[in-house]
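Following: one structure in structure tokens, then a few remarks.
Here the structure is a predicted model, which is why all the values come from computation and not from measurement. As the structure lists them, so they are numbered: ligands from 1, and atoms in each ligand from 1.
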Amino acid sequence: MSSYIPNGEVAKSGARPETHAALALRFWNGRRAAVGLVFVALYVTLDWVSLSVERWHGISAWYPPVGLALAILAGVDLWFAPLMLIGSFLASVVNDGQSPLTYTFWFSNTVMVLTYTIAAAVLQKILGAERKLQSLRKVLWYVSVVGCASLIDATVGRLAFIWDKTLAVSSYPKAAMDWCIGDAVALMSLTPFLLAAVVPRVRKYLELPVPPACGCDLAETIREEGSRLRRTAEISAQVVATLGVAWVVFGWDRTKSYDLFYLLFLPAIWIAVRWGLCGATAVILLLNLSVIGTLQRSTPSAYGLGLLQAFMLVVSLTGLCLGSVISERERAEHALRGSEARMEAVIKSIDEAVFVLDVRGTYKNVWVNEGSGLVRPREDFIGRNVHDLLGEKRAEEVMEAFRRVLQTGRGESSEYAVPDGAGTRWYLARVAPIRSACGKPENVCVTSRDITAAKKAEEELRRAKESAEMASRAKSEFLTNMSHEIRTPMNGMIGMTELLLDTELTHEQREYLIALKTAAGSLMTLLNDTLDFAKIETCKLELKSVEFALRDCIDEVRRIARVQAQQKGLKLVWQVSQEVPDLLAGDPMRLRQVLMNLVGNAVKFTERGQVVLEVDTAGQKENSVLLHFRVRDTGIGIPDGKKEMIFDAFTQVDGSGTRKHGGAGLGLAIARRLIELMRGTIWVESEAGRGSTFHFTAKFELPADAAIGPVGMIEREIEN
Ligand code: ADP
């Protein structure tokens, strides 16, 4: 539930609703009471004028008090309705001499105030927050509402006169019709003028919300155009023409029965076209006033008066409709100019040229700024075709893109080059369809950005990348060659050391030679790793596919690891699940290398506890099997932030020069690449200080006669 509050505010639901009396008290302040007093005084005065000055045959040509009241109720606030009632009571007593003791007094006044208050409430909805007749739609709604209101007021209000026996039943239809037309003429001529010119000022005075650009928009636009003198001269000419035409039609003795009535349209059209709705409301009011004025000279017959009222209604309606159409068009043009200015500002800030072309590829409009980098001036484009400017081949490509965009309704982007003197300029073009008001794609919008600088930078980057890659390849090849070259004498040195160890030596000499052999072995491992890594970098590493027994392969790893584990007092546990097939097809040497690396690391980084190698299947198909290997230790573990980087080359958790454990940081990088070649993945689970588990999967082919879990194989072995 929301309750109405003056000032156009609405009480939020949930707040305690105020009583009507409290709302009324809150509405009335000094200024509003002053406006209310003026309103009542004007109402009574206008009623007096219409009764005493312009009453012929018992009826008046128009009844301006209702025009004033409706403008105030609809344009300012409905709280003025009680004042309208007071005004009409006062007018009936003071001007018409009615007794407050008659039915007519109470009934006709109450019906009138009630009818126009309801009409004002409806009009507030139609006019919206602007409280103005801004469009043809609003004008037509306004005419319908006031037409209905005046008809209801006249037909219901006049019933009281029959009741009071001041009106014969037979005269009722004509009397009601006269009243209705009298009200309608005032509502069509006075109210629109008041709404356009007076109400915004009253609202401002009462500190009620006033929509922006109060008054008439068109008049404001024109006011900015010419000189003050010119405008004054034009307005004066229009007033003189209006009064002159009114005199010719109504006041000139030679015209009979308003023969020249159609002349009234001339000033109405002239002023409406020049000044829009605001001017139209003013000229209508002026015409009506001059009609009343000229009627003073010659009293029309009852028929003539009715005819005159009908004429005035037609002129008023025409003026209002024409004025609203002109105002609407002017507003639309204003909005268009505004949106064009906004678009220009946007284009200026984006360094892009924007083209609008029709379906045949003719440039209809072009927006550019200095940063757009156009090779031709803007004027060269407009009215010309893409075939004239882009050359046959490029134009055909462009037209093809247009056709696609118009057909699918989806935009496209493409890069294109334009020869520019000795060089070439590159552009990024985006083509999008422009739809007509009925939604049909009609034109295309092409935005074009100069990307020559970006293209040059891209090209330089590509060249730099290529030369960096070439340098890296050369380095890797050098590394491979050097490793090869060093490996040959190293083999010789190891062989000679072994031969020397078989000869008769003193205890001291033997110890020196064993140390020499160990150091040479470490150097050999490093050389092998370097060679492997160089092969990985140059993509020369390939796997073999031979039949091998998995458990034999694991056994070899076990034998090598056992020596180191025993030296450190670690327990080694080997567990191969029963369902793991033994005979596989793959590269046993590389598998051994991976396992050696992981088990070797596990032993290297564990001081106490155990190292476990577990193997089971992670999935099996008819001719292949995916094995899951786990190497678990109770060593130093790996901190959280380092788990990913240890698989990169030359990276170690402890990279300091004072680190305790040796190594080049290549082992896991090589293992990862080898595992990828075995169509598997490697990952680690670890907690610093509590040990690590390295997992990896690897896929192997199954030879036709592969056996699962052959008898005699050690499925679980623990050694100390
Ligand atoms: P490195 O030759 O240095 O051992 P790796 O690539 O094999 O090279 O290992 C990289 C780094 O990963 C090691 O230096 C070590 O810091 C960490 N790391 C590898 N395995 C383990 C493990 N089982 N426990 C703790 N840290 C490990």
[X]: heavy atom below 4.0 Å from ligand 1, yes or no?
X: Lys642; answer: no
X: Phe694; answer: yes
X: Ser692; answer: yes

Going by the order shown, which atoms of ligand 1 are within less than 4.0 Å of some heavy atom of [X]?
X: Gly637; result: 25 (C)
X: Asp633; result: 22 (C), 23 (N)
X: Lys604; result: 1 (P), 2 (O), 4 (O)
X: Asn597; result: 7 (O)
X: Ile646; result: 12 (O)

Counting only nitrogen or oxygen atoms and a 3.5 angstrom limit, does Ala669 reach ligand 1? no
Check [Y] with [X], please: is the shortest side-chain N to carboxylate O separation under 4.0 Å?
X: Arg462; Y: Glu458; answer: no
X: Arg403; Y: Glu400; answer: yes
X: Arg590; Y: Glu676; answer: no
X: Asp358; Y: Lys364; answer: no

Taking 4.0 Å as the limit for heavy-atom contacts, which would you say applies to Ile638 with ligand 1: side chain only, backbone only, both, or neither? side chain
Distance alone, cut at 3.5 Å: any donor-acceptor contact between the side chains of Thr506 and Glu508?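 The answer is no; no qualifying pair exists.
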Using only heavy-atom distances, determine whether the side chains of Gln593 and Asp532 contain a donor-acceptor pair under 3.5 Å.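 Their side chains do contain a donor-acceptor pair, which is all the 3.5 Å distance test asks for.
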Within the supplied structure, the quantity of interest is the number of heavy atoms (other residues, nucleotides, ligands) at a distance under 6.0 Å from Lys455 NZ; does it exceed 12? yes
